[in-house]
Each structure stands twice: as C-alpha cells, then as structure tokens.
There are 2 protein chains.
Amino acid sequence: MLSNEQLHLIEEMGVYHERRGMSPIPGRILGLFVVSDKDAYTFDEIKEILKISKSATSSALNFLVSTDRIEYTTLPGDRKRYFKWSPFKALENIERETNNMFSIAEMFRRAYELKNNKQSESANNLLMVMDFFNYMIMELPNLYNKWKRSYYK
Amino acid sequence: MLSNEQLHLIEEMGVYHERRGMSPIPGRILGLFVVSDKDAYTFDEIKEILKISKSATSSALNFLVSTDRIEYTTLPGDRKRYFKWSPFKALENIERETNNMFSIAEMFRRAYELKNNKQSESANNLLMVMDFFNYMIMELPNLYNKWKRSYYK
DNA sequence: TTTTTAGTTCTGTATTTGCAGAACTAAAAA
DNA sequence: TTTTTAGTTCTGCAAATACAGAACTAAAAA
C-alpha cells in the first residue's frame with residue numbers, strides 16, 4: 001500500500017512536528033494523511049499502518065481532532081469514523097497563528113509598560129520588536145486574502 | 001530589582017516558549033531579557049534572579065547562544081560574559097522561519113511526487129497547500145523588507 | 001440473549017527530560 | 001604558589017512523557 005519511501009517521508013514529517021512540540025504519534029498520523037493516496041482512514045487502518053496500540057491511536061486521533069488538525073465523517077449505518085486531513089483547516093490553523101503573534105505582542109506590551117526606564121536600550125529594543133509584530137499582525141491577513149483571491153480566481 | 005508583576009510576566013513568557021517546544025529555563029531567560037530594564041546580565045545574575053543551578057544556567061545560556069537567540073559581549077580584563085537579547089537577531093530568526101516553511105514545503109513536494117494517483121482528492125488537497133506555502137515563501141521576504149523600510153525611514 | 005464492533009479508559013512501565021549538586025578546569029589574581 | 005573566578009562537565013534523581021496492553025463500555029449485529 002505505502003512504499004518504503006512514503007513510510008520514510010511519514011517519519012520525516014513526524015520528526016518535523018516533534019521538533020515543534022508535538023508528540024511522535026500525532027505527528028506521524030499527520031504525515032500519513034499528507035503522504036498517502038487515500039483521503040480517509042479508519043481508526044484501525046491508522047493503527048495497523050503505523051503499528052501502534054489502540055490507546056495511542058485513540059488519544060492521538062482525539063488530540064488531532066480537538067486541535068482542528070484533522071476531522072472525521074461518519075456514514076449512515078456505520079459506526080466507524082473516517083478521518084481525513086482537511087487542507088482548509090490546515091490553512092485556517094496557519095492563519096490562526098496570527099492570534100498567536102497577537103498573544104506574544106500583548107505580553108511585549110505589558111513588559112514595556114512595566115519598564116521603569118522607557119528610554120533604556122532595553123526599552124527601545126522592545127519597542128522595535130513590538131512595532132514589527134504589530135506590523136505583521138496588520139499585514140498578514142492581507143497576504144492570506146491575496147493568496148485566496150489568486151487561488152480561487 | 002524586578003517587581004512581582006515582572007517576575008510573573010517572565011513566567012508567562014516562559015510558558016509561551018515551552019508550548020513551542022523549548023524547555024523551561026531557556027524560555028524564562030528569554031523572558032527575563034525582554035521584561036527587565038537592564039540590557040545585559042552575567043551568568044551569576046541570571047542564576048540568582050531565576051534561582052537556578054549553575055549547570056542549568058550554563059546549558060540554557062549555551063543553548064540560547066548557539067541558536068542565535070541571545071548573544072554576549074566581553075570586556076577587556078574581565079572574564080565574565082555579558083549576555084544580552086538582540087532584537088535584530090530575534091527578527092532575523094523570525095525571518096529565518098521562512099526557511100522552515102521551505103523545508104516543510106519541500107517535504108510536501110516529495111509527498112506529491114510519491115502519490116500514485118495525482119488526480120485524487122488527497123493529491124489536489126496537497127497541491128493547494130503547496131501553492132499556499134510557495135506563495136508565502138515568495139511573499140514573506142517582501143513583507144519583511146517593507147517593514148524595514150517603513151521602520152528605518 | 002450473546003457476540004461483535006469501535007472504540008475509551010485504566011494500569012504499568014520504559015524512556016526521556018530537566019534539573020540540582022558536586023566535582024572538575026583553565027585562566028587570572030593574590 | 002595558592003586562591004579565586006567563571007564557568008563546564010559529570011552523576012544521579014524526580015518528574016513527566018509516550019506508549020503498550022488489558023480491562024472496560026455502549027451500541028449494533030447475530
């Protein structure tokens with residue numbers, strides 16, 4: 001079903017996600033979805049392909065669903081869940097990273113307010129970084145929209 | 001020296017970095033640099049303020065220096081190192097994140113090449129995400145440059 | 001009613017991590 | 001020459017993590 005090259009690439013993607021703080025199995029599941037030809041997998045298929053336990057499969061899938069990285073559909077008269085990777089959700093998540101910049105920018109703002117000497121080098125450095133973040137927070141949504149327009153035109 | 005609010009904010013920034021995969025102490029050291037008024041700290045000062053061991057201080061500082069998050073200067077006739085947060089390095093690191101997008105985009109490209117059916121939904125989904133990443137890799141440097149011009153004008 | 005299915009939850013464990021504390025080192029100072 | 005300084009490296013441990021395997025559950029099928 002999956003070639004050795006594909007399995008190897010899944011591992012690479014797993015490591016990529018691990019390096020950003022995700023645990024191994026969820027990262028590999030994401031890799032599986034990106035690499036494989038099938039666009040939906042059941043619990044048991046994922047478990048078998050990645051050779052992992054039911055408990056690990058269960059918690060990884062629930063984690064990925066709860067963090068909006070994958071989704072599942074069900075079929076009438078079929079209790080299985082069909083998990084799939086949603087590229088739209090993936091892009092939405094990247095866009096949501098802007099909120100993330102927002103949260104660190106907010107911490108920077110508070111740090112600046114707490115500075116005793118607002119003329120210090122340290123305060124000026126912080127002001128510069130704050131300016132950059134505020135700029136990105138303003139401009140990134142425009143960039144995303146520009147891409148959407150170009151993609152869907 | 002540092003108020004309770006400042007110490008609390010340092011912890012918050014530490015947690016922020018932890019959530020992105022950094023270990024606790026380096027994250028708090030970064031927080032210290034952002035929050036405090038002083039713009040340079042010695043090994044021992046950091047150790048005392050954060051109440052951590054020499055070994056933890058040593059490995060955290062070396063980690064932060066080696067990943068270009070902080071830097072240090074020395075003074076003639078003084079063996080101490082004076083560590084400081086460089087906002088320029090910080091911004092460079094954010095820019096360097098583009099390379100990071102480049103590495104995942106490259107994995108996507110390989111995944112696409114390995115697909116057996118390039119007409120599948122899965123293949124089309126991947127193409128879309130690849131298009132987005134390639135767009136961002138093209139456009140982000142322009143955005144950074146636009147900020148620089150606006151900031152330094 | 002019993003069995004199967006599609007999981008979830010619990011229990012235990014091997015591995016990893018994050019750190020402290022102690023021992024060590026190399027250069028400078030006394 | 002001995003002591004101090006500014007760290008680094010080593011040793012050991014407590015806590016967290018990531019998982020397997022077993023027990024469990026709730027709904028559907030037989």
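Each chain gets a letter, A, B and so on, in the order the sequences are listed, and its residues count up from 1.
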Grab the [atom1]-[atom2] distance between [X] and [N] for me, whole Å please.
X: A:E18; N: D:dT17; atom1: CD; atom2: P; answer: 14 Å
X: B:M22; N: C:dG18; atom1: CE; atom2: C1'; answer: 15 Å
X: A:F43; N: D:dA27; atom1: CZ; atom2: P; answer: 18 Å
X: A:Y82; N: C:dT5; atom1: OH; atom2: P; answer: 13 Å
X: B:H17; N: C:dG18; atom1: NE2; atom2: P; answer: 15 Å
X: A:R19; N: C:dT17; atom1: CZ; atom2: C1'; answer: 17 Å
X: B:I52; N: C:dC19; atom1: CD1; atom2: P; answer: 8 Å
X: B:K80; N: C:dA27; atom1: NZ; atom2: P; answer: 18 Å

Quiz item: Base, sugar-phosphate alone, or nothing: which one does B:N62 contact when heavy atoms must sit under 4.0 Å apart?
Solution: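 If one applies the 4.0 Å heavy-atom cut-off, B:N62 turns out to touch the sugar-phosphate alone, with no base involved.
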Considering every strand and a 4.0 Å limit on heavy-atom distances, what is the contact class for A:K47: base, sugar-phosphate, or nothing?
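The residue A:K47 makes no contact with any strand.
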- request: Return the orientation label for the B:F132 and A:W147 ring planes: parallel under 30°, perpendicular over 60°, tilted otherwise.
  value: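 If you compare the ring of B:F132 with that of A:W147, the planes turn out perpendicular.
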Quick one: sort the B:W85 and A:F108 rings into parallel, tilted or perpendicular, breaks at 30° and 60°.
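B:W85 vs A:F108 ring planes: tilted.
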If we call it a pair only when both distances are under 3.5 Å in a Watson-Crick or G-U wobble match, what pairs with [N]?
N: C:dA30; value: D:dT1
N: C:dT25; value: D:dA6
N: D:dG12; value: C:dC19

Got a salt bridge between B:K89 and B:E92, using NZ or NE/NH1/NH2 to carboxylate O under 4.0 Å?
-> no
For the [atom1] atom of [X] and the [atom2] atom of [Y], what is their distance to the nearest 0.5 Å?
X: B:M22; Y: B:Y16; atom1: CE; atom2: OH; answer: 10.0 Å
X: B:L143; Y: B:E95; atom1: CG; atom2: CD; answer: 10.0 Å
X: A:N134; Y: A:M101; atom1: CG; atom2: CE; answer: 9.0 Å

Task: Nearest-neighbour nucleotide for the A:S23 side chain, D:dG7, C:dG18, D:dC19 considered - done: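 Given the options D:dG7, C:dG18, D:dC19, the side chain of A:S23 is closest to D:dC19.
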Picking from C:dG18, D:dA6, D:dT9, the nucleotide nearest the side-chain atoms of B:S58 would be D:dT9
Query raised in the report: Toward the 5' end of DNA chain D, which comes first, A:G77 or A:T57, by nearest nucleotide?
Result: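 By nearest-heavy-atom nucleotide position, the 5'-most residue is A:T57.
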Letter by letter from the 5' end, nucleotides 21-26 of chain C scores (B base, S sugar-phosphate only, - none; protein heavy atoms under 4.0 Å) B----B
query = Between D:dA6 and B:R81, is there an OP1 or OP2 to side-chain N/O distance shorter than 4.0 Å?
reply = no
Are the aromatic ring centres of B:Y41 and B:F83 under 6.0 angstrom apart?
no
Tell me which of B:G21 and A:F83 sits closer to the 5' end of DNA chain C, going by the nucleotide each one is nearest to.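 Looking at DNA chain C, the more 5' nearest nucleotide goes with A:F83.
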| With a cutoff of under 4.5 Å between side-chain heavy atoms, which Ile, Leu, Val, Met, Phe, Trp and Tyr residues group with B:Y82? |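 Taking Ile, Leu, Val, Met, Phe, Trp and Tyr as members, B:Y82 shares its hydrophobic cluster with B:L75.
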